[in-house]
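A short write-up of the structure that comes next.
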Amino acid sequence: MRFSKAFIPTTKEAPSDAVLASHIYLTRAGFVAQVASGLYNYLPLGKRVLKKIEAIINDEMERADAQEVELSFVTPAELWQESGRIEKFGKELLRLRDRKENLFVLGPTHEEMMVNLVRNRVTSYKQLPLNLYQIKTKFRDEARPRFGLMRAREFVMKDGYSFHATAEDLDREFDAMEAAYKRILERLGLDFRIVEADSGAIGGSGSKELMVIADSGEDTIAVCDSCEYGANIEAAHRRVISSAPSEPSLANEKVHTPDVRTINDLADFFKIDPHYTLKAVAKRAIYEESDEIVIFYLRGSDELQEVKAVNAVAALELVDVTEEELEAVGLVPGFIGPFGQNDITSVFDSGLKGATAMITGANERDYHMSGADLSALDGVTFADLYEVKEGDGCPHCDGSLTYTKGIEVGHIFKLGTTYSKALKAEFLNDQGRAEPFEMGTYGMGVSRLVAAVIEQHHDEKGCRWTKATAPYQVNIMVSNIKDEAQLELGETLYSRLKESGVEVIIDDRKERFGFKMKDAELIGLPYTIIIGKELKNGKIQIFDRATLEKSDVQVEEAFETVMGLLK
RNA sequence: CGGGGUGUAGCUCAGUAUGGUUAGAGUACCUGGUUUGGGACCAGGGGGCCGAAGGUUCGAGUCCUUUCACCCCGACCA
């Protein structure tokens, strides 16, 4: 390609609303252009990057025996009613009616569609396993799109679904997909981590997210400093505390504690570690048809992880409650405790099993219980409720956990029979009995990856594409096109590189040196061959975008040197 | 969905408190010339329904009402 013919509208200024590096540079360098909130046009350079990433995904999927399909973007609403997700997704589904008034939904993900495709076509265990995927535009009417391509409403996603006769076979495929996803991200040149995750409202198990490490990431992940363990904070675990603070010896009695309401006050009052206080977090759990107040009990030294809490009571969501609402059901804010109080649904953090010497609320204004033994409680529900903290022990080794930020670029998990049951997708097993498919789902955000690459590979001058993602590998910059010798050499190198299969672009615009250099840096192709004033000394320069270094090369060696760099 | 902000040239923004020539700057664009190693210079030029609708007024970019869009914080996000 020639810059003189290319549609690469670069700008000096970024749109005023762009915050993220990827948003700023992808826009300034002419890769994408915003159309409306959360909607983007891909310009030629952006489209090339997208295709690069897609090609790598296709290649790895081929290797893993997954087959590509393409399902229609407009999907019948009946399918969503069948699975029950038309309500769960809610307003995120963009609904529309055709001329006959039939209701349709723009596909935000395609579980239903894929199950629908396979059901009644795959009818025997002999036809399994099957792994089908597509790379397709999705639409989710996000309440608040932001961060450019990172959280767009319309985006490109690779979504794959596998079908199995047994859970064991699903496990095998799941591992194979994890390995394939890992290779994809390695080939893209990204620093990432595969972490344990919550599977969300969709249900399922074995949930893992692929996180590209970046400060701008929207997810907090806890990673071990010495082993491979990593988990989204929504699902992270920690080693059971082995070195608990020494247990205080306080009599089991009701103690007058005027105005001692917070955990800190309580710990000070009794001169104990917050570890031995019982924290009660009250929330209103919202269910499809009803709602109720739930109390979550944790050690005072822990914080409630809300996603875990939602899962523990299988609620749609948790909302805060006011002191008035608590009083209305007979609770005493600041002094809530589990003893003598069985009317309210309560869940205890699993770390409280058999806890002794605890200080708890006495359900009476200005009173606490000291030296309480929680094992005295009957019929207690335990669940993981705590949020891991930095410094907590790794659950798998002696290391400790630290927080880092990640961009979720992939999410894989085992659906089991959730959808096959809901949509009655069954096959006959070797006993001739009908069974629902065991399913896995494997998503990867292709357009989000474009942004993720730049989040991880940029500097103050612009993009720094990895070799695997760069729209072109080499830029030939002819400093002054009026200088015939320069132009001629540029054209010669351009032809030779093209003939050798190198993705090359020549900057043959009638612009000054500085202007073209700024563009080269902003666009961020890996190498720029500078043909300029050094030509009269028989030299050109090769500018390495990653290091910003320019190295002199003899004209005769230029071609070979570049070919060597690209290997 | 709650709270806040902004809509004026392709882009980034002045101008709006206090209504009054022909609505401005920078940048980008076109023409000519000079220049050619870090977004150059000189001269000339094109480009605007001041987000939209309604209203007040002799007169509205500016005041009032309604509305739409975009952005930020939060809630939400298989």
Side-chain angles (χ1 to χ4, degrees), chain A residues 9-20 23-24 27-28 30 33-39 80 83-86 88-93 107-112 114 138-148 150-153 155 157 159 161 197-204 207 209 218-219 232 234 286 306-307 310 316-320 408 410-415 418-419 439 441-445 448 461-462 477-483 486-487 509-522 528 530-537 539-541 543 548 550:
Chain A
T10 59
T11 56
K12 232 189 269 192
E13 277 169 302
S16 53
D17 45 55
V19 223
L20 248 50
H23 191 189
I24 292 169
T27 306
R28 280 191 53 206
Q34 184 173 4
V35 181
S37 181
L39 306 181
W80 296 86
S83 71
R85 281 212 294 182
I86 196 147
K88 269 188 192 148
F89 254 105
K91 286 188 183 162
E92 257 183 60
L93 291 178
T109 171
H110 282 205
E111 280 83 2
E112 285 85 351
M114 200 64 92
K138 307 283 177 195
F139 193 94
R140 291 181 195 173
D141 201 356
E142 292 263 6
R144 192 176 157 214
R146 55 184 123 173
F147 302 142
M150 210 65 95
R151 275 273 289 276
R153 289 192 294 175
F155 58 99
M157 179 164 93
D159 52 325
Y161 310 88
D198 176 60
S199 34
I202 194 169
S207 180
E209 288 170 336
E218 291 188 79
D219 289 277
N232 192 307
E234 295 172 357
I286 311 290
E306 248 190 67
V307 173
V310 168
L316 293 176
E317 62 170 326
L318 296 177
V319 297
D320 290 342
E408 181 192 342
H411 194 175
I412 59 177
F413 56 102
K414 299 171 190 171
L415 289 171
T418 316
Y419 287 88
M439 290 180 61
T441 180
Y442 319 97
M444 185 167 260
R448 181 177 279 183
K461 292 171 185 292
M477 204 263 279
V478 179
S479 178
N480 180 4
I481 59 162
K482 284 186 181 166
D483 182 321
Q486 287 184 20
L487 189 58
R509 291 174 299 176
K510 184 180 172 295
E511 295 287 353
R512 296 164 63 91
F513 178 85
F515 184 92
K516 293 192 205 181
M517 275 307 288
K518 291 283 186 202
D519 260 5
E521 284 159 350
L522 180 60
T528 294
I530 300 171
I531 302 174
K533 64 178 187 185
E534 284 298 310
L535 183 58
K536 56 181 181 293
N537 302 322
K539 287 181 196 159
I540 53 110
Q541 285 172 307
F543 172 69
L548 295 178
K550 293 174 194 158

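A note on names: the letters A, B, ... follow the listed sequences, proteins ahead of strands, and every chain is numbered from 1. Values in this document were obtained by computation on a predicted structure and should not be read as measured data.
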Query - Distance between P atoms of B:G33 and B:U21 (Å, rounded) - result: 41 Å
Please enumerate all protein N or O atoms sitting under 3.5 Å from an N or O of nucleotides 41-43 of chain B, with distances to 0.1 Å.
none

Requested in this report: Using only heavy-atom distances, decide whether a donor-acceptor pair under 3.5 angstrom links the side-chain of A:E511 to the base of B:G39.
Outcome: no
**Report entry** Same-atom distance (C1') from B:U22 to B:G59, integer angstrom
**Finding:** 15 Å
Query raised in the report: Contact class for A:K138 (heavy atom, under 4.0 Å): base, sugar-phosphate, or nothing?
Result: nothing
Query raised in the report: Paired with B:C76 by Watson-Crick or G-U wobble geometry, both distances under 3.5 Å: which nucleotide is it?
Result: none
Query raised in the report: For the base of B:G38, is there a side-chain donor-acceptor partner from A:K12 under 3.5 Å away?
Result: no
Query raised in the report: Just checking A:Q34: base, sugar-phosphate only, or nothing, at a heavy-atom cut-off of under 4.0 Å?
Result: sugar-phosphate
Requested in this report: With P as the reference atom in both, quote the distance from B:G24 to B:A69 in angstrom, rounded to an integer.
Outcome: 32 Å
Query - pi-stack flag for A:F515 and B:G39, centroid dist under 5.5 Å, interplanar under 30° - result: no
Query raised in the report: For B:U65, which nucleotide in any strand shown is its Watson-Crick or wobble partner with both distances under 3.5 Å?
Result: B:A53
Query raised in the report: So what does A:D483 touch, heavy atoms closer than 4.0 Å: a base, only the sugar-phosphate, or nothing?
Result: nothing
Query raised in the report: Got a donor-acceptor pair under 3.5 Å from the side chain of A:R144 to the base of B:C1?
Result: no
Requested in this report: Please measure how far the C1' atom in B:G7 lies from the corresponding atom in B:A53, and state the result in whole Å.
Outcome: 16 Å
Query raised in the report: How is A:E534 classified with respect to the nucleic acid when contacts are heavy atoms under 4.0 Å: base, sugar-phosphate, or nothing?
Result: base
Query raised in the report: Where does B:A17 fall, syn or anti, if syn means a chi angle no more than 90° from 0?
Result: syn
Query raised in the report: Just checking A:Q541: base, sugar-phosphate only, or nothing, at a heavy-atom cut-off of under 4.0 Å?
Result: base
N/O contacts under 3.5 Å, protein versus nucleotides 6-10 of chain B?
none

Query - Separation between the P atoms of B:C13 and B:C71, rounded to whole Å - result: 14 Å
Query raised in the report: How far does the C1' atom of B:G45 sit from the matching atom of B:A28, given to the nearest Å?
Result: 14 Å
Using the 3.5 Å cut-off, write out each protein N or O paired with an N or O of nucleotides 31-35 of chain B and the distance between them.
{"residue": "B:U35", "atom": "O2", "partner": "A:R512", "partner atom": "NH1", "Å": "2.7"}

Query raised in the report: Nearest of B:C70, B:G38, B:A75 to any side-chain atom of A:F513?
Result: B:G38
Query raised in the report: Expressed in whole Å, how much space separates the C1' atoms belonging to B:U6 and B:G61?
Result: 15 Å
Query raised in the report: Reckon A:M477 touches a base, only the sugar-phosphate, or nothing at all at heavy-atom distances under 4.0 Å?
Result: nothing
**Report entry** Pairwise C1' distance, B:A52 and B:U35 [rounded to whole Å]
**Finding:** 47 Å
Report task. Please determine, for B:A17, whether a Watson-Crick or G-U wobble partner exists with both distances under 3.5 Å, and give it or none. Result -> none
Report task. With heavy atoms under 4.0 Å as the rule, sort A:P15 into base, sugar-phosphate or nothing. Result -> sugar-phosphate
